[in-house]
Structures are given as structure tokens and as C-alpha cells.
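Order of the sequence lines fixes the chain letters, A, B, ..., with proteins taken first and strands second; residue numbering starts at 1 for each chain.
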There are 2 protein chains.
Amino acid sequence: MYTVAEENYIKSIYHLQRQQQNVSTNALSARLQTRPASVTDMLKKLEAKKLLTYEKYYGCRLTAAGSRLALNIIRRHRLWEYFLSEKLGFGWEEVHEIAEQLEHVQSTALTEKLDAFLGFPRFDPHGDPIPDGTGKMSQQWQLPLCEWPVDKPGLVSAVGSQDERLLEMLSQKKLHIGAVVVVVQQFAFDRSLEIRLEDGCLVHISEQLGKFIFIKKQ
Amino acid sequence: MYTVAEENYIKSIYHLQRQQQNVSTNALSARLQTRPASVTDMLKKLEAKKLLTYEKYYGCRLTAAGSRLALNIIRRHRLWEYFLSEKLGFGWEEVHEIAEQLEHVQSTALTEKLDAFLGFPRFDPHGDPIPDGTGKMSQQWQLPLCEWPVDKPGLVSAVGSQDERLLEMLSQKKLHIGAVVVVVQQFAFDRSLEIRLEDGCLVHISEQLGKFIFIKKQ
DNA sequence: GGAAAAATTTAGCCAAAACTAAAAAATAAT
DNA sequence: ATTATTTTTTAGTTTTGGCTAAATTTTTCC
Ligand SMILES: [Mn+2]
Ligand SMILES: [Mn+2]
Ligand SMILES: [Mn+2]
Ligand SMILES: [Mn+2]
């Protein structure tokens, strides 16, 4: 139905749309690692296919059909990530790359049977919600660690990046999804955080890192 | 490393090479459903990459590197077929199409972990052997049903085609891999066969169909 | 409000992998 | 041994999705 290139554009636009309401050519160009001129060409093509609206010089927005497609690709991506992590034993820093390929395998039956085989998981290994067949996904109320109140226990609910170095660092600090944490104090100087884990260990987290760790209520 | 198109050529050449020792442009063209002119172009490219030797007007043969690649693609294909059939519950007539896409996902780690997860299966759902990481695969001595002796019980060991209509027909006749069969008689008129299954059922098999069912000793 | 900077589009080009039509070589048939 | 047929290659296009360089539009700054 759609090419790999088209699917990657649609997925990127969907993700960017949550920050900017009109996705700019440059933002896409940066995310997809292609030159702006190539983005312009593709936007015209995707508009012709009615997956998005595009206004010259002012960026694009997904149509309803475009959003549906995006959610379907994200569904496939996150189901495969869950499979790779839970069934094949990959680390959470390895799954994203491989899922980038698997997400483009076209077969509705495959997606549905995989979902059932996995037990209809609601969140992927990074804590991101997995859309269901109709595009709905569970929301969870969460805050970045650096905004979480001191002394109030919380659960690590998601990470806000796929950066392998970040994920590996979190693994080392035992900050996996579901870990219980308490912010002990925030240092005024650099706004870094000291947190305590379930086993009593104290861990130091830079402000930069704290922005990527999401916490929800216990 | 290699494109989907290149991998499909290498795989087809490998399969054709078992019949003709020099694979002709037309044979490839027929199998890949592309025009001969396109095949010629690709053969030159694959020769430049040292995956095959190619002599103008006389066809091609895989090099050692080409055979290694082919066996690796076949390994991926058959492992995915096994996964789809055993874990996801697809019928054996559905798995080939989907595996045609999955086989092109590039990740050695994925192949190896999938193999381990599946318990290192030696045969795919159609009875074809799965090459190991080094390209070796178990051979099994087998004969087409139409050459199997009368009254001697045997096991269905493989099917010689991926044709969905054939596979569905075999399922209906309960002729799955591992089924025990006895040839009761061969009709002289059209050389069709009457066979008996474990449960005593008598099944009639045309000569044409019998060529695609392989039998081994119990 | 107009100049400078930044963002975006246009125009022209390229590589991969397909195609058609015509030429050339190999094979088969008289 | 020619001729006819089949197979294969060459030459020239097309589509997809990239690219660079130049032109254009928008935004920012004085
Ligand atoms: Mn991911
Ligand atoms: Mn994820
Ligand atoms: Mn197959
Ligand atoms: Mn098979």
C-alpha cells in the first residue's frame, strides 16, 4: 500500500505534530536526516495521496487518514519492540533499531496475531502506549522526574528518548520501567537530583537526564 | 548491506541452480516476474559485487559468497515461517507470503535470537530444512509420493511447492507434515494413487499432486 | 519600513530497479 | 550451410526518493 519512505514520513510528522501544530519542512528534514528540498517533494506527494494538508512555506498537518496510518505504524513498531524485548530477550536499548525495519512489514493479519500472541500488551519496553487496532491508546498521567515533588514515591513510567546511550545509562542505574523512586533532594546549583531506589541505593541524576524520565503515581 | 531486490535475485538463483547448473536469464525472468532485460542489468551488478559469475548469453552461477548469502536468506525465511506457523497460529498456506517480507529484515542478532526462541527448529512448516548459522542443513532421504512403493507405510516429510491452492488442498485431505500414509494402489489409467491415512480414511491423489508430496521412511 | 538572515521551494541532476523496442547472438530447423 | 526461431543484450525511458545550487518567500532585526 505505502512505501517505506512514505511510512517514515507519516510517522515522523505524527511525532512532531505533538510539539508544533504545523510541522515545518526543516523540522522534518532534521528528524529524517534528509535535505529540506527532498522533504518538500515528498510533502507534495503525500498531499496528493490525501494523507496530509500542506501549505507552501507554512508546513503540513496529517489528515484523519494520515493519523490513522501513523497510529497503525506506531502500533506495529511498539508491538515488535515488545516482542523483541519480552520474547527474544533483547535489551531495551537494542529494540528500536530492529523495530524500525519490522514496522514496515505489511500484513494486517500478522499485526493482529502478534498482538494476541503477546497478550495484548498496553505499553512497549520504553513505557510508550501501544495503540489498539482502532488507533486508541491508554494515556497515563505522568511528569518528568525533574518536576516530580520531593519525598513523594513514584513509579518510572516511561523514557522520553530512544538514545542508546541514555537507555544503557538508565539500565546501569537500575532505572527500568516500573522502578519505585523517591526524589530525596534537588541541588540548587545545577538543579540535578538525588533519588532513592527501592533497595535504598542513592542515585544522582543530572537535570538533562531527569527531563527524559517520566514518573507516575504508585 | 544488500537491497531487497538483490536478495531476491540471489535467493531465486540459488533455487534454480539445483535444477539447471547454469541459471539462464529467461529462467530468472520467469521466476521473478520481471522482463529479461531487467535481469541482464541486475546480473551485471551482482557480478560486480562478486556474488556470482556471469557469462554473456550463457547465464550465471553463484560464487561461494553468493551461496552463503542465499543460505542466510533462506535461513531467515524458514525461521520466520516456523515462527508464524508455530507461535502465531498461521496456516501453512499463509506463511510464505509474509516470510517473503520478514526475510529481508537485516539483523544477525535477530536471526540468532529468533532461532534460539524457536528451539533451533530443523524444518519449516513445509518440511524444508532450515540452514544453521554456517549454512549447513539436515538432508533427509525422501521420494515423491508417486514413486513410493505400494503397501509400505511412510511419513509425509515435505511439500514441493508453496502454491496456496495446493497447500489448502493437502490440509483438507489431512496430509500434513508427519502424517503416516500407505499407498494402496496406483491406477494404471491415469497413474493416480489411492492412499490410506492413519485413521483408515482412503484419499485419492492425482499424479500431478503426487509429485509434490515427499515421503520418508517411518 | 527596509535590510539581513533563515526557511523553503524550484530547477536540474543522479542511482536503483523496473520497463519497451530494437539489435545481436545462440540455437533449431530445413 | 543457410535460414528461421528463440534467447539475450543494448539503448533509451520511467518512477521513486534522494541530492546540490539557485531562487523565492518569510521572519527577524535595526
Ligand atoms: Mn522505538
Ligand atoms: Mn518504544
Ligand atoms: Mn516459503
Ligand atoms: Mn517453506
Side-chain angles (χ1 to χ4, degrees), chain A residues 1-14 16-17 19-62 66 69-70 73 100-101 103-106, chain B residues 1-14 16-17 19-62 66 69-70 73 100-101 103-106:
Chain A
M1 207 60 190
Y2 297 102
T3 67
V4 169
E6 287 170 340
E7 289 197 341
N8 282 333
Y9 271 88
I10 293 297
K11 192 168 56 126
S12 289
I13 294 166
Y14 181 90
L16 289 170
Q17 221 168 242
Q19 282 137 356
Q20 322 151 260
Q21 78 285 36
N22 249 33
V23 177
S24 71
T25 300
N26 261 12
L28 263 172
S29 153
R31 191 175 170 111
L32 291 164
Q33 302 274 66
T34 57
R35 307 335 294 281
S38 311
V39 173
T40 301
D41 285 348
M42 184 59 100
L43 289 183
K44 288 179 189 165
K45 213 170 69 174
L46 294 175
E47 183 178 43
K49 294 196 178 189
K50 302 205 195 289
L51 293 172
L52 50 80
T53 57
Y54 164 60
E55 214 179 335
K56 248 184 173 185
Y57 293 102
Y58 294 94
C60 69
R61 283 197 68 73
L62 294 180
L69 175 57
I73 302 163
E100 284 292 306
Q101 296 184 63
E103 73 186 3
H104 300 294
V105 174
Q106 311 256 7
Chain B
M1 206 62 189
Y2 298 102
T3 67
V4 169
E6 287 170 340
E7 289 198 341
N8 282 334
Y9 272 87
I10 293 297
K11 193 169 54 126
S12 289
I13 294 166
Y14 181 90
L16 289 170
Q17 221 169 241
Q19 283 137 356
Q20 322 151 261
Q21 77 286 34
N22 250 31
V23 177
S24 73
T25 301
N26 259 13
L28 263 172
S29 154
R31 191 176 170 110
L32 291 164
Q33 302 274 68
T34 57
R35 305 338 293 283
S38 312
V39 173
T40 301
D41 286 349
M42 183 60 99
L43 289 184
K44 287 179 189 165
K45 213 170 66 175
L46 294 176
E47 182 178 43
K49 295 197 176 188
K50 304 204 192 292
L51 292 172
L52 50 80
T53 57
Y54 163 61
E55 215 180 335
K56 248 183 171 184
Y57 292 103
Y58 293 94
C60 68
R61 282 195 70 73
L62 293 181
L69 176 57
I73 302 163
E100 285 291 307
Q101 296 184 61
E103 72 186 3
H104 301 294
V105 174
Q106 310 255 7

Student: By the salt bridge (Lys or Arg N to Asp or Glu O under 4.0 Å) test, which pairs, at least two apart or in different chains, include something from residues 21-44 of chain B?
Tutor: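 Output for this query is empty, none listed.
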
Student: For Asn22(A) and dT27(D), give me the distance from atom CG to atom P, rounded to whole Å.
Tutor: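 For the pair Asn22(A) CG and dT27(D) P, the rounded distance is 11 Å.
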
Student: For Ala27(B), give me all partners under side-chain contact (heavy atoms from CB on, under 4.5 Å), at least two apart in sequence or on another chain.
Tutor: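 Expected list: Leu16(B), Gln20(B), Ser24(B).
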
Student: Which residue pairs pass the salt bridge (Lys or Arg N to Asp or Glu O under 4.0 Å) test when at least one of the two sits in residues 48-57 of chain B, sequence neighbours left out?
Tutor: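 Qualifying pairs: Glu6(B)-Lys49(B).
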
Student: For nucleotides 6-13 of chain D, give me one character per nucleotide, 5' to 3': B if any protein heavy atom sits under 4.0 Å from the base, S if the only such contacts are to the sugar-phosphate, - if neither.
Tutor: -SBBB---

Student: What is the separation between atom CG on Leu32(A) and atom C1' on dT16(D), rounded to the nearest whole Å?
Tutor: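 In whole Å, dT16(D) C1' lies 16 Å from Leu32(A) CG.
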
Student: Just how far, in rounded Å, is P of dA18(C) from CG of Leu28(B)?
Tutor: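 Whole-Å distance recorded here is 12 Å.
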
Student: For Gln101(B), enumerate each residue passing the side chain to side chain donor-acceptor pair (under 3.5 Å) test, keeping only those at least two apart in sequence or located in another chain.
Tutor: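 With neighbours one apart ignored, the set is empty.
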
Student: Could you check how far CD of Glu6(B) sits from C1' of dA15(C), rounded to whole Å?
Tutor: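 Interatomic distance, CD of Glu6(B) to C1' of dA15(C): 12 Å.
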
Student: Where is the tightest heavy-atom contact between Gly66(A) and Ile10(A), given as atom of each residue plus distance?
Tutor: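 Closest pair (atom of Gly66(A), atom of Ile10(A), distance): O-CG2, 3.6 Å.
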
Student: Let me know the distance between CG of Leu46(B) and P of dA18(C), rounded to the nearest Å.
Tutor: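 For the pair Leu46(B) CG and dA18(C) P, the rounded distance is 11 Å.
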
Student: Without decimals, in angstroms, what is the distance between Asn8(A) CG and dG18(D) C1'?
Tutor: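 Rounded to the whole Å, the gap is 14 Å.
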
Student: For dA18(C) and Tyr9(B) - does any side-chain N or O of the residue sit under 4.0 Å from the phosphate oxygens OP1/OP2?
Tutor: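 Yes, because at least one side-chain N or O of Tyr9(B) sits under 4.0 Å from OP1 or OP2 of dA18(C).
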
Student: OP1 or OP2 of dG18(D) versus the side-chain N and O atoms of Arg35(A): is any pair under 4.0 Å?
Tutor: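 No, because none of the side-chain N or O atoms of Arg35(A) sits under 4.0 Å from OP1 or OP2 of dG18(D).
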
Student: Sequence neighbours left out, what passes side chain to side chain donor-acceptor pair (under 3.5 Å) with Gln17(A)? Give chain and number order.
Tutor: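 None.
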
